[in-house]
Amino acid sequence: MGKEQAKTNMELTIKEAAQAELKKLHFPNDTALRIDVVISGDCGCGFFVQLAVDELRKNDTLVYQHGIPVCMDRLTKRHLGDVLTLDYDPARGFALSSPDEAFADRLAVGRS
C-alpha cells in the first residue's frame with residue numbers, strides 16, 4: 001500500500017459470517033474497511049461507530065484478516081482498544097465488540 005501505516009498490535013477477529021459478507025465488497029488499491037469512531041455530544045464523551053470502505057490515511061492502523069484489509073485511526077483505536085471482534089447477522093447487520101464491551105450492532109458498510 002502506498003501510504004505509511006502505523007505499526008499495529010491490534011487483534012481483530014472477523015467471524016465467518018462477517019468474512020463472507022465483507023468478501024462481497026471491492027477494495028481498490030489504498031482502500032480498506034474503516035472502523036471509525038464518531039464523537040457525539042457537546043462533552044465529547046459519547047461516540048458511535050461507523051463502517052465504510054475508505055482510503056487509507058497516514059498513521060492508520062492496518063491489518064489483514066482473511067484477505068480483508070481493515071483500518072482505523074488513532075482516535076478510534078484509543079476508544080475501542082486493541083482486541084476487537086466483527087460479526088454479521090443477516091437480520092441485524094454487522095456487530096463490533098471487544099472482550100469487555102459491545103460497541104455497536106446493526107452496522108452497515110458505507111462508502112467514504
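The first residue in the sequence is number 1, and the count goes up from there.
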> Side-chain contact, heavy-atom cut-off 4.5 Å: Asp30 with Glu55?
Replying inline: no

>> Is there a side-chain contact between Ile14 and Tyr88 in this structure, where contact means two heavy atoms from C-beta onward sitting under 4.5 Å apart?
In response: no

> Given the rule that I, L, V, M, F, W and Y join up when any side-chain heavy atoms are under 4.5 Å apart, are Leu107 and Val38 in one cluster?
Replying inline: no

>> The test is side-chain contact (heavy atoms from CB on, under 4.5 Å); show your working for Phe27 and Ile68 and say whether it passes.
In response: CA-CA 8 Å; Phe27 296 99; Ile68 301 164; 4.3 Å; yes

>> If you define the side chain from C-beta out and look only at heavy atoms, does anything of Asp73 sit under 4.5 Å from Asp36?
In response: yes

>> Side-chain heavy atoms nearer than 4.5 Å, only ILVMFWY residues, links allowed to pass through others: does that put Leu51 and Leu75 together?
In response: yes

> Can you name the one residue among Ile35, Val63, Val37, Leu33 that meets side-chain contact (heavy atoms from CB on, under 4.5 Å) with Met72?
Replying inline: Ile35

>> Tyr64 vs Val70, test: side-chain contact (heavy atoms from CB on, under 4.5 Å). Steps then yes/no.
In response: CA-CA 6 Å; Tyr64 287 87; Val70 181; over 6 Å; no

>> Between Lys15 and Leu86, is there a side-chain heavy-atom distance shorter than 4.5 Å?
In response: no

>> Give me the atom names and distance for the closest heavy-atom approach of Val53 to His26.
In response: CG1-O, 4.0 Å

> Can you tell if the side chain of His66 reaches within under 4.5 Å of the side chain of Lys23, non-hydrogen atoms only?
Replying inline: yes

> Shared ILVMFWY cluster between Leu12 and Leu25, side chains joined below 4.5 angstrom?
Replying inline: yes

> Which pair of heavy atoms, one from Pro99 and one from Val83, lies closest together, and at what distance?
Replying inline: CD-O, 3.5 Å

>> With a 4.5 Å cut-off on side-chain heavy atoms, are Leu96 and Asp87 touching?
In response: no

> Between atom CG of Leu62 and atom CZ of Arg57, what is the distance when rounded to the nearest 0.5 Å?
Replying inline: 13.0 Å

> Taking 4.0 angstrom as the limit, do Asp54 and Arg34 come out as a salt bridge?
Replying inline: yes

> Are any of the side-chain heavy atoms of His79 and Phe103 separated by less than 4.5 Å?
Replying inline: no

> Between Val49 and Leu80, does a side-chain contact (heavy atoms from CB on, under 4.5 Å) hold up when you go through it step by step?
Replying inline: CA-CA 9 Å; Val49 177; Leu80 301 181; 4.3 Å; yes

> Which pairs count as side chain to side chain donor-acceptor pair (under 3.5 Å) when at least one residue sits in residues 94-107, sequence neighbours excluded?
Replying inline: Arg92-Asp105

